[in-house]
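These notes are about the structure you will find just below.
A, B, ... follow the sequence lines: proteins, then strands. Residue 1 opens every chain.
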2 protein chains.
Amino acid sequence: MGTTQLESVPEPKYWHLKTVIGEALDSEFEVGEILPNERELAARFGVARATLRQALEQLELEGRLQRRRGVGTTVAPPRVGVDVSTVQHRWPGAGEDSWQAVDCASAVPPAAVLRLLDTDTDPATGAARPVHVVRRLRATHGQAVAAEQLYVPLASVPGLVAPGTLAGPALARGVLRELEQLPLEGQDRAVELGSARADDAKELDRLPGAPVLVVTTRYLSGGRTAAVSVATYRADTCRLTFGDVGDLQIAS
Amino acid sequence: MGTTQLESVPEPKYWHLKTVIGEALDSEFEVGEILPNERELAARFGVARATLRQALEQLELEGRLQRRRGVGTTVAPPRVGVDVSTVQHRWPGAGEDSWQAVDCASAVPPAAVLRLLDTDTDPATGAARPVHVVRRLRATHGQAVAAEQLYVPLASVPGLVAPGTLAGPALARGVLRELEQLPLEGQDRAVELGSARADDAKELDRLPGAPVLVVTTRYLSGGRTAAVSVATYRADTCRLTFGDVGDLQIAS
DNA sequence: TAGTGGTCTAGACCACTCC
DNA sequence: GAGTGGTCTAGACCACTAC
C-alpha cells in the first residue's frame, strides 16, 4: 500500500509533554531549581496552559516537581522514605519515634472507622458512642509528612483521670500513656490512596484534596480492637517503607 | 460590628461539588448504578463541564466512582483488600497466590532498580548488565489488580537451562522455579504513589497515567539483593493490606 | 450512528507570596 | 504591586462503546 501508519496511536499531548519535561528534569535541572512559569512553559511548548498543567500535575504526583502558589514550580528532592513497618509491636507514642501529639477531642468516629471499632456501640440503643480522638503530627527532616487521628474508645483507657481536668496536648499525652498500659497483641494495617481533608491538608502544607497515602492501623488487645489510627501521609513527598524483615520469624 | 463573615474562606466549587455528589452517592445510589452524564450533571449544578470533571476525578481517585469512556460513570464497589504482607517469607511464585507469570525478557533495568541491584554491574566496565525481567499479573475476584516486573540478575538463577531453549511464560516460570532454590533471608518493601506506564495501564484496563500504588520489594539472599520486584497496583480499586501480625515475634 | 468520557483551547479572574 | 500557581468558563473535537 505504500502508506505508513501515521499517528495510529496518537499519544495525548500532555503525556508527551510529561515525558519531555521529565527528561529535561533529569538532564538540565538541579533539585530545588525553579522552572519557568506556567504561562511561559505553555508558550514555549505551543500548548494551552491547561494542557501544560496536566503534565505538571502528573509530574508532581510522581514526586518530581513541587508547586507552590505565589512562588513557582521547583524540582523536588527524591521522596523521603518513612518507616511504617508494622512490626514495631508498640503502641502509638511508645518508644522513640517522630510523632508529636498535638491535641485530643471527643467525637463520634466516621462510619468507616466505626466498622473497625465495632465493639464500642451503646448496647441499649446500638448508637455509636464518642471516643477520644488524639491528633498527632509526624515530621521528618524538619518537614511535616503525616497527620494522624487516633480513635481510642473510652473503654481502652479506663485509668485515665477525669478528662475534664486535662485538655489539648496534655490530654493527648495522657491517653497515649494509658494506652501503653494495655497488652498489645497485634496490629494490622492497610494502605490506600485518598485525598487530604481540609484540616489535614492545612497541617501538611498542602491544598485540600491533595493526594495522600492513608494508612489505617488497628491495634488489638484482649481480643478487641483497642484503638484505630488513620494516618494520612503526603503522597508527593513520601515513600512508605516496611523495614527489612530479615530479623523476623513467624511464630510457630 | 454586626457584619457576619461571609465567604471568608471561599471553598472552591469543585470541592463543594465533590462533597455534595459524595453525599448523594451514599444516600441515593447503589453500587454499579450509572450516573447522569457529565454534560447533564454540569448543567444541573450550574458549572462548566471542566469543573464538574475536577470533582469526579477526585471521587474516582478515592475509589468511589468508576468512569469508562464510551460507557459512562458508575458507582464503584468498595475497594478490594489485597494482601501484600511482607512476612510471607517466600519467593515470588512460591506457594499459593494469585499471581500469574505471563512473560520473560532480558533487559537492562531502569536506573532506580539498578540502585537496588547494585551488585550486578560488569566489574570491568562498570556498565549495567541485562537481567531477566519476569512479567506477572495479579488478579482478585476475576479482576486484574496489579502488574509486576520482577528483575532477576542472571547470577541469581545459575541453574537455569540455556535461556534460548525456553521463551515467554515457560521461561518466566523457569526463572521463578530457579529462584525458589535460593535461601530467602529477608525482604524489604516500600509503597509509593505513581502513575501507570503505558504497558501496565493496558494490562490493568486503565489509561496511561492512571494513579497506581507502586510496591517495590527487595529479596535478599546470601547477603545480596537476589531480585527486585516492582508491582503497580490500581490505586482506584485496591487497598493494600498488611495482614495481622499477632502471630509474629521479633527475633530478639 | 448516537452517546459517552478524554483531550484541548484561549481566555478570565482569584488567592497567595514576596518585595 | 508584580508575579506566581489555582480556579473556572464555554466552547470544540476526538476515541471509544454499544446498539
If you compare every side-chain N and O of Tyr14(B) against the phosphate oxygens of dT7(D) (OP1, OP2), does one of them come in below 4.0 Å? yes
Once you measure the plane-to-plane angle for Tyr233(A) and Trp99(A), does it fall in the parallel (<30°), tilted (30-60°) or perpendicular (>60°) bin? perpendicular
Nucleotide dG5(D), atom C1' - distance to CG of Leu59(A) in whole Å: 16 Å
For Leu56(A), report the nucleic acid contact type (base, sugar-phosphate, nothing); a contact means any heavy atom under 4.0 Å. nothing
Can you find a side chain N or O atom of Asn37(B) that sits less than 4.0 Å from OP1 or OP2 on dT4(C)? yes
SB check Arg79(A) Glu192(B) (cutoff 4.0 Å): yes
I need a per-nucleotide contact map over nucleotides 9-19 of chain C, read 5' to 3'. Cutoff is protein heavy atoms under 4.0 Å; write B for the base, S for backbone only, - otherwise. B--BB-BBB--
Looking only at heavy atoms, the pair that brings Ala227(B) and Leu150(B) closest together is CB-CD1, 4.3 Å
Listed nucleotide nearest any side-chain atom of Pro12(B), set dC8(D), dT7(C), dG5(C): dC8(D)
Rounded to whole angstroms, how far apart are CG on Leu207(B) and P on dG5(C)? 13 Å
In whole angstroms, the gap separating P of dT7(C) from CD of Gln54(B) amounts to 14 Å
Using atom CD of Glu57(B) as one end and atom P of dG6(C) as the other, report the distance to the nearest whole Å. 8 Å
Who pairs with Arg197(A) by salt bridge (Lys or Arg N to Asp or Glu O under 4.0 Å), at least two apart in sequence or on another chain? Asp199(A), Asp200(A)
Leu41(B) atom CG is separated from dG3(C) atom P, nearest whole Å, by 17 Å
Between Arg239(B) (side chain) and Leu193(A) (backbone), is there a donor-acceptor pair under 3.5 Å? no
Whole angstroms only, please: what is the NZ-P distance between Lys18(A) and dC8(C)? 14 Å
Can you check the Leu65(A) CG to dG5(D) C1' distance for me, whole Å? 13 Å
Exactly one of Arg53(B), Arg206(B), Arg68(B), Lys18(B) should register a salt bridge (charged side-chain N to carboxylate O under 4.0 Å, His left out) with Glu60(B). Which one does? Arg206(B)
How many Å lie between CZ on Arg67(B) and P on dT4(C), as a whole number? 14 Å
Ignoring hydrogens and angles, tell me if any N or O in the side chain of Arg189(A) forms a donor-acceptor pair with the backbone of Val84(A) under 3.5 Å. yes
